[in-house]
Amino acid sequence: MDKYQPQDFEGTWYERWEENNYFAPSGNGNPFSIAIPPPNVTGTLHMGHAFQHSLVDSLIRFRRMKGDNTLWQMGTDHAGIATQLIVTEQLAAEGIKPSDLGREEFLKRVWQWKEHSGGTISKQLRRLGASLHWETERFTLDDGLSRAVLEVFVRLHEEGLVYRGKRLVNWDPVLKTSISDLEVESEEEQGHMWHLRYPIAGESNQFLVVATTRPETMLGDTAVAVHPDDERYKSLVGKEVLLPLADRPITIIADHYVDREFGSGCVKITPAHDFNDYDMGKRHDLPLINIFNDDASVNENAPAKYQKMDRYEARDAVIEDLQQLGLIEKIEDHTLAVPRGEKSGVVVEPYLSDQWFVKAGPLAEPAIKAVEDGEIEFIPKNYENTFFVWMRNIQDWCISRQQWWGHRIPAWYDESGNVYVARNEAEAREKHKLGNDTVLTQDEDVLDTWFSSALWTFSTLGWPDKTPDLETFHSTDVMVTGHDIITFWVSRMIMMTLKFVGEVPFKKVYVTGMVTDADGQKQSKSKGNGLDPLDIMDGISLDDLVAKRTESLLQPRMAERIEKNTRKEFPDGIRAYGTDALRFTFYSIATRSRTIRFDMNRVEGYRNFCNKLWNAANYVFMKTEDHDVSNKNVAPDVIDRWIVAELNHTVDVVSRAMETFRFDIAAKAIYEFIWDEFCDWYVELTKPILNAEEINDQVVNAKRFTLLSTLEQTLRLAHPFLPFMTEEIWQQIPEGIRGPGETIMQQNYPLSDASLIDSTASKDVAWIKDVVTGTRNIRGEMDISQGKPIPIIFFNGSDEDKARLEEHQTLLEFLIRPKSIESRVAGDDKPPSATHLVGEMELLVPLSDLINKEAEIARLDKEIERKEKEKTRAESKLGNSNFVDKAPDNVVQKERDKLADIDSALEKLKKQKAEISGL
RNA sequence: AGGAGCGUAGCUCAGCUGGUUAGAGCGCCGCCUCGACAAGGCGGAGGUCCUCGGUUCAAUUCCGAGCGUUCCUACCA
């Protein structure tokens, strides 16, 4: 075998798996299904995706090997706003506006774009090794899913759960569409607080002072509010102020919403441009004056002077004019949370418009109940609170978007503006008995992408038809997703699926932590701290990484800082670590923590681990090639029985960890078994036998058999986590050991077997390890190199110790490289020595010019001190009558045994020290 | 403001239903080119488990308060 170079085999194995259709459900066994959270067609794989999909792939591969009928359903969503934005930008580069093309032509362009560029994410998923069922891949805008969307919309409308209304919604003035609350991100920014004087009508030189962070909205004010119990203003309630610039009288109202302590205690009320004011406007029946066009320029409802100005131009003009009039009391610096559209980054405007909504309340109730009753279980459980809080305060969901790319709303209007909802125009006419003379035009808007995503688990399986797939694979078993998606998507899937399928979309929701950069910062394009998982698998030069992070930034001024940070963090770029190493890193960091700092050092560590396994396999093949590796019914020796038991134990730990989604525990168990037990001990322990020629072939072949079969089982055990290298190595295992299968993917997962537990073997090996480590410790601390042979005396050992020495002498000689090993008993000559205790037995390395007397005394002192500390603790516990009376007997007994052991050890150590000191 | 999480070795993190000599990886310090592996081997150092209380025979672990930190939700105009 060559050096470990993952890029040599990772790509080709994936192709072969896919060509051979290994990802398809087997058709046998218990159904186990997971629906992929649909990535955007526009999207590229980020670290969060790579993380989550790695976890899912291990679950899927684990279950497939367990014999389940396994489906990992692939699909993407159309990402309405994001995709339309990208294509619009491309057209802009050609000097074309979407309106030049018209709806039909524009959509053709989007589809073209999707065919050409939509596949990035699929390539990345393949590179990650994701064993998705590609053959049934779905897309939210394909015919089947569109049919499901229509069906759901129409049925909800028939039940009054979808309605149309004029409401204040979050409006993106660049994209010119409504967006949902969840697509708005508020960040604190520096701004100002302007204190404005509003003249009181009929009272010269009397003013009410209002404070605002958005002075331009004053043009749409329809009231000023004070607290009803505020003595300062009580007498003014019901009177009017004269709104400056607009020269309109507006009333002074009283409302408990007003905070008397804040600012002047007076608030300007602009019901058409603020959510709180909107509510207050409803309570007081205030008029709504909308002063903006859909691009946030000032409209004809404002004084002529400001019309057509952009909102920020208007702000400057308003301030200047008020200043001229002496109506600015003061201007203060102020930090405020500015809401920005997630996609465009522009400040979002509360905007009055006609929209479609889902009435969420009635749908939420069964969803809450499903989680309360445990039909759906969140892991970790505390995320259920997030879900409950959101669901119990759920607001109606604005589902219409003023876009072209998406599911067009199935509603038609006649010339008088009456609305007809149906699956198509013909049905609308039939349903409402409309003749052909009635002109119908379809609603121009499309549905929120999440509306179609909410139907994901069942629409992908063929609903509304009752397909065999739907029957077999729904409800799905697990949904793996980030906590930020619980409200967006998870909750909506639960609502819609219960409503239309009558069962939960999934039985378990595994909520992953969020992958951040090394400083705990959320990774984002704008911060330039994001990592592309492909760059970790395939490597990237520093310059390319810098270029990638600084291209097409929304805020180009960040480029310099991003470059500096990148050059500092990755001075040599990123090396190609391979998929297996990256995946193993993901499993290892998949703890219950909410944020997960991604540390490149760990990837390197796990790449080294892959290298270790690779080289161990190399050793196994070297030692077994061209030999008869059949078992020949020779009983395995104690070392072989030990490694089999260790492997068995690991299988047990890993299997249990997978049942509880503890990927970190599974990864740790595999890592420790392979490196600490198999490589560090077992492989070493095979060497004296496999290197020695005089031992009879049967024994050697038994050893070869265990070596190979243990490796083979280990590969199967690790395959869900390290899919590529395990396949590559497994293919080289002789068929006599691995069986005739074509791929490790379809082999059985190892089962743990209690009968393989072997306490004799584990005690024997523990003894060997103790003897070897003790000697190495003396060597290490005395700076005696491995090459220099030293004499060893086993002093005063039990019969068992003697038997073990006899049985394992060859092994010990190989591992310790002594000049000699001999057993002596009390009464025999006992030279002054460096000492290590193995239970009751003393392991002695006689003093010589190699061993420094002072160094040995220091070593003994350290050990004595350690034991004394333990002794003190044990004694104080046992000296406490409460402990002895109240603690369980086994705990007390354990403490007594411990104390006895310490005492015996201390006695020997002190005696040794005295003997040496006396020299 | 409300809610949630986190605080364990220099760094990144495990430690389940209380009893362990409190662990791992990386980093650090010694030694080692011995035929699987220097992307390695062997040995070692390093911790008031944030602070203060409480429950308990016993607290890193359970409870309360405080400090620090992160996130979510709602925002006072």
Side-chain angles (χ1 to χ4, degrees), chain A residues 1 3-4 181 186 193-194 210-214 217 225 257-259 261-270 274-277 334 336-337 380 382-383 385-386 389-390 393 483-484 486-487 514 516 518 520 522 575 577 581 588-589 591-602 604-623 660 662 664-665 668 671-672 676 679-680 683-684 687 691 772-773 776-787 814 817 866-867 869-870 873 877 880-888 890-892 894-895 898 902:
Chain A
M1 272 166 58
K3 284 189 76 167
Y4 174 62
D181 305 359
S186 291
M193 181 79 85
W194 286 271
V210 297
T212 181
T213 53
R214 307 187 53 207
T217 63
Y257 162 77
V258 180
D259 181 352
E261 309 300 318
F262 190 87
S264 61
C266 299
V267 193
K268 63 189 277 300
I269 303 299
T270 325
D274 182 282
F275 289 103
N276 287 313
D277 292 6
H334 183 74
L336 69 162
N382 50 320
Y383 284 107
N385 291 328
T386 311
V389 167
W390 165 259
N393 299 294
H483 65 85
D484 50 333
I486 293 175
T487 49
M514 198 179 60
T516 70
K522 206 168 171 172
R575 294 168 68 183
Y577 293 109
S588 302
I589 63 181
T591 64
R592 299 225 150 129
S593 167
R594 255 165 68 148
T595 55
I596 294 163
R597 291 184 199 219
F598 192 82
D599 183 357
M600 203 59 74
N601 289 324
R602 293 194 70 165
E604 188 169 339
Y606 294 118
R607 191 273 318 260
N608 294 351
F609 168 67
C610 291
N611 183 56
K612 189 75 178 174
L613 174 56
W614 184 265
N615 283 303
N618 187 32
Y619 167 84
V620 174
F621 293 136
M622 264 175 52
K623 292 295 177 193
T660 52
R662 287 306 302 265
D664 59 326
I665 291 175
K668 192 172 186 236
Y671 183 99
E672 287 176 348
D676 299 345
C679 293
D680 283 353
V683 162
E684 292 306 311
K687 285 178 182 175
N691 292 344
V772 172
T773 325
R776 285 175 177 169
N777 178 282
I778 292 171
R779 267 211 153 96
E781 300 226 338
M782 299 299 166
D783 287 348
I784 302 169
S785 81
Q786 305 274 325
F814 176 79
R817 293 178 196 284
R866 206 176 292 165
K867 295 276 183 212
K869 241 161 93 182
E870 281 180 55
R873 272 172 54 139
K877 270 188 183 175
N880 181 346
S881 59
N882 280 326
F883 173 73
V884 179
D885 292 346
K886 294 188 182 174
N890 61 328
V891 173
V892 176
K894 212 171 122 189
E895 208 62 34
K898 194 163 94 186
I902 294 168

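Letters go in sequence order (proteins before strands), and every chain restarts at 1. Just so it is clear, the model here is predicted, and its values are computed rather than measured.
No hydrogens or angles were tested; on distance alone, a donor-acceptor pair under 3.5 Å links the side chain of R594(A) to the base of rC71(B).
At rG25(B), none of the side-chain N or O atoms of N601(A) fall inside 4.0 Å of OP1 or OP2 (strictly under the cut-off). Using a 4.0 Å cut-off, some side-chain N or O of R662(A) falls inside it from OP1 or OP2 of rG15(B). Phosphate contact (OP1/OP2 of rG40(B), side-chain N/O of K3(A), threshold under 4.0 Å): absent. The side chain of N276(A) places an N or O atom within less than 4.0 Å of a non-bridging phosphate oxygen (OP1 or OP2) of rC76(B). Within the structure, a side-chain polar atom (N or O) of T591(A) is placed less than 4.0 Å from OP1 or OP2 of rA14(B). A close approach under 4.0 Å does occur between a side-chain nitrogen or oxygen of H334(A) and OP1 or OP2 of rA77(B). Residue R607(A) places none of its side-chain N or O atoms closer than 4.0 Å to OP1 or OP2 of rG25(B). At the phosphate of rU21(B), OP1 or OP2 sits under 4.0 Å from a side-chain N or O atom of K898(A). Proximity of K687(A) to the phosphate of rG35(B): no side-chain N or O atom is located under 4.0 Å from OP1 or OP2. Applying the 4.0 Å criterion to OP1 and OP2 of rU12(B), one finds that R602(A) has every side-chain N and O outside that range. Phosphate proximity of rU20(B) to R873(A): present, with a side-chain N or O under 4.0 Å from OP1 or OP2. Residue N777(A) places at least one side-chain N or O under 4.0 Å from the OP1 or OP2 atom of rG44(B). A close approach under 4.0 Å does not occur between any side-chain nitrogen or oxygen of Y257(A) and OP1 or OP2 of rA77(B). For the OP1/OP2 pair of rG41(B) and a distance below 4.0 Å, the side-chain nitrogens and oxygens of K612(A) include at least one atom meeting the criterion.
rG7(B) sits 16 Å from rC52(B) when the C1' atoms are compared, rounded to a whole Å. Going from the P atom of rC62(B) to that of rG5(B) covers 12 Å, rounded to whole Å. rU8(B) and rG15(B) have their C1' atoms separated by 9 Å, given to the nearest Å. Spacing of C1' atoms, rU56(B) relative to rG2(B), comes out at 34 Å, to the nearest Å. rC42(B) and rU33(B): their P atoms are spaced 15 Å apart (whole Å). Taking atom C1' in both rU21(B) and rU60(B), the straight-line distance is 15 Å, to the nearest Å. Annotation: rG47(B) and rG40(B) have their C1' atoms spaced 29 Å apart (nearest Å). Comparing rU17(B) with rC75(B), their C1' atoms are spaced 41 Å from each other, to the whole Å.
Judged purely by atom type and a 3.5 angstrom limit, D277(A) uses its side chain to pair as donor or acceptor with the backbone of T270(A).
Residues Y606(A) and Y671(A) place their aromatic rings such that the two centres sit under 6.0 Å apart.
Closest to the side chain of D664(A), from the set rA45(B), rA77(B), rA14(B), is rA14(B). When the nucleotides rC76(B), rC57(B), rA39(B) are ranked by their closest atom to the side chain of Y4(A), rA39(B) comes out on top. Distances from the side chain of T773(A) to the nucleotides rA45(B), rA36(B), rG43(B) place rG43(B) closest. With distances taken from any side-chain atom of T212(A) to the nucleotides rA77(B), rC42(B), rC37(B), the minimum falls on rA77(B). For N608(A), the side-chain atoms get nearest to rA39(B) when compared with the rest of rC31(B), rA39(B), rC57(B). For R817(A), the listed nucleotide lying nearest its side chain is rC34(B); candidates were rA36(B), rA77(B), rC34(B).
Annotation: cation-pi geometry satisfied between K687(A) and Y619(A) (NZ/CZ under 6.0 angstrom from ring centroid, within 45° of ring axis). Taking the ring centre of F814(A) as origin, the terminal cationic atom of R817(A) falls inside the region bounded by 6.0 Å and 45° from the ring axis.
In this entry rA24(B) has rU12(B) as its Watson-Crick or G-U wobble partner, both defining distances falling under 3.5 Å. Across all strands shown, rG64(B) pairs with rC52(B); the Watson-Crick or G-U wobble distances both stay below 3.5 Å. rA74(B): no Watson-Crick or G-U partner with both key distances under 3.5 Å is found in any strand. Both distances falling under 3.5 Å, in either a Watson-Crick or a G-U wobble arrangement, occur for no nucleotide opposite rG18(B). For rG40(B), the paired base is rC32(B) (Watson-Crick or G-U wobble, both distances below 3.5 Å).
Heavy-atom nearest nucleotides on RNA chain B were determined for S588(A) and for R776(A), and the one closer to the 5' end corresponds to S588(A). Heavy-atom nearest nucleotides on RNA chain B were determined for E870(A) and for N611(A), and the one closer to the 5' end corresponds to E870(A).
Across all strands, C610(A) comes closer than 4.0 Å to no nucleic acid atom at all (heavy-atom distances). Looking at heavy-atom distances under 4.0 Å, S593(A) makes contact with sugar-phosphate atoms alone, never a base. Contact annotation for K877(A): backbone-only contact, meaning every heavy-atom pair under 4.0 Å involves sugar-phosphate atoms and none involves a base. Nucleic acid contact class of D783(A) (heavy atoms, under 4.0 Å, all strands): sugar-phosphate only. Residue Y671(A) is in sugar-phosphate contact alone, with no base atom involved, counting any heavy-atom pair closer than 4.0 Å across all strands shown. Residue T386(A) is out of contact with every strand shown, counting any heavy-atom pair closer than 4.0 Å. Residue D680(A) is classed as a sugar-phosphate contact, given heavy-atom separations below 4.0 Å to backbone atoms only.
In this structure, T212(A) and M193(A) have side chains that are not in contact, with every pair of non-hydrogen atoms separated by 4.5 Å or more.
One atom, OH of Y577(A), and another, C1' of rG25(B), lie 14 Å apart when rounded to the nearest Å. Between M600(A) atom CE and rC11(B) atom C1' the separation is 15 Å, expressed in whole Å. Rounded to whole angstrom, the span from the CG atom of L336(A) across to the C1' atom of rA74(B) amounts to 15 Å.
With values rounded to the nearest 0.5 angstrom, N882(A) atom CG is found 14.0 Å from K877(A) atom NZ. With values rounded to the nearest 0.5 angstrom, S593(A) atom OG is found 10.5 Å from D664(A) atom CG.
Checked by atom type, the side-chain pair N276(A)/Y257(A) shows a donor-acceptor distance below 3.5 Å. In summary, the side chains of K522(A) and T595(A) do not present any donor paired with an acceptor at a separation below 3.5 Å, with no hydrogens or angles considered.
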